[in-house]
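Notes follow once the structure below has been shown.
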Amino acid sequence: MNVSHLSLAFGGLKALSDVTFSVAPGAITAVIGPNGAGKTSLFNCISGFYKPSEGKIEFGGEDITRLHPPARAKMGLARTFQNIALFRGMTVLDNIKLGRHAHMQTNVFDALWYFGRARREELELRSELERRVLDFLEMEYIRDHPVASLSYGLRKRVELARALAMQPRVLMLDEPVAGMNREETEDMARFILDAKEEWGVTILMVEHDMGLVMDISDHVVVLNFGQVIAAGKPAEIQNNPDVITAYLGSGDVGELSRRIACEKAA
Ligand SMILES: Nc1ncnc2c1ncn2[C@@H]1O[C@H](COP(=O)(O)OP(=O)(O)OP(=O)(O)O)[C@@H](O)[C@H]1O
């Protein structure tokens, strides 16, 4: 995926200015930056919820800048949300099944085309995939539990499962470990890495947890005031003076300096 010269304004406020970066296939790319830097705005432009005023987003060689979110999802762009967006009264499995709708045919001709054996085979394949996702995320034992009865960490995992069940080419994770305790964070880190390594999914994530970002990312893009101020490997980013300056005064600087101190001590 290539994002080029993307700009977005809310009235007089420039949320994004000339943002350019690439997401390498098969890698984990993280977008970081202090509060209000433009990370969520960037995610919303990429998934199609916001229309950028300038710039281009290419996905799999196609220009998707003007496509609606469902069309992008159909092309293999899946996302999770910062605040959990699940149907709380429904079971884990039913929530995961909702991911399939991105691939299901909706018009009459498509429905007729799929009628009968082909349709049944597709449904069987989907069930098999949902079973594999449940197994992969170690959630088989809660498949029939209502989402409302689950812990916060498990609910975040259901969101990941639903996105994976869309068989995405690129999975966008919006703050996947926000609000999680250490153990839940470690579990999620392992699942994200495995999604990349075992399922071959390309990952683009926004995350405040600097420890997670530095541990699992292949490439980090740093935003500040809507502009890219640095991009590179985690080790390069955490020693970049512009990044450290951008984080001064933000709540995340503590974690960043702790990481730098640990690297120096090692
Ligand atoms: N819908 C909106 N209307 C007006 N201004 C907005 C809107 N969404 C975001 N902004 C502004 O755009 C800027 C970038 O916000 P954004 O939410 O993208 O940053 P962020 O990096 O995701 O922040 P955080 O880490 O706090 O989630 C901020 O100044 C914010 O106030």
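Both counts, for ligands and for their atoms, begin at 1 and track the order of listing. These numbers were taken from a predicted model, which means no experiment stands behind them.
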Can you give each donor-acceptor pair under 3.5 Å made by side-chain atoms of residues 59-69, sequence neighbours left out, with the distance rounded to 0.1 Å?
from  : atom 1 : to    : atom 2 : distance (Å)
Asp63 : OD1    : Thr65 : N      : 3.0
Asp63 : OD1    : Thr65 : OG1    : 2.5
Thr65 : OG1    : Ile57 : N      : 3.0

Per-atom filter on ligand 1: closer than 4.0 angstrom to a heavy atom of His208 are 25 (O)

Check whether the side chains of Asn2 and Ser22 place a donor and an acceptor atom closer than 3.5 Å, and report yes or no.
yes

Quick one about Asn44 and Arg79 (side-chain donor to acceptor, distance below 3.5 Å, no hydrogens or angles considered), yes or no?
yes

Contact check, Gly38 vs ligand 1, heavy-atom distance below 4.0 Å
yes

Let me see the working for Asp187 and Arg190 under salt bridge (Lys or Arg N to Asp or Glu O under 4.0 Å), right down to the final yes or no.
CA-CA 5 Å; Asp187 282 346; Arg190 180 164 55 88; 3.4 Å; yes

Please check whether Thr40 reaches ligand 1 - meaning an N/O of the residue sits under 3.5 Å from an N/O of the ligand, judged on distance alone.
yes

Any Tyr50 heavy atom less than 4.0 Å from ligand 1
yes

N/O to N/O below 3.5 Å, does that happen between Ala15 and ligand 1?
no

If we number the atoms of ligand 1 from 1 as shown, the ones under 4.0 Å from a heavy atom of Leu13 are 11 (C), 12 (O), 13 (C), 29 (O)

Tell me whether Arg143 is salt-bridged to Glu140, with the criterion being a basic N under 4.0 Å from an acidic carboxylate O.
yes

For ligand 1, which atoms have a heavy atom of Ala37 less than 4.0 angstrom away?
19 (O), 20 (P), 21 (O)

Could you work out, with side-chain hydrogen bond (donor to acceptor under 3.5 Å, both in side chains) as the rule, every residue matching Lys196, not counting sequence neighbours?
Asp218

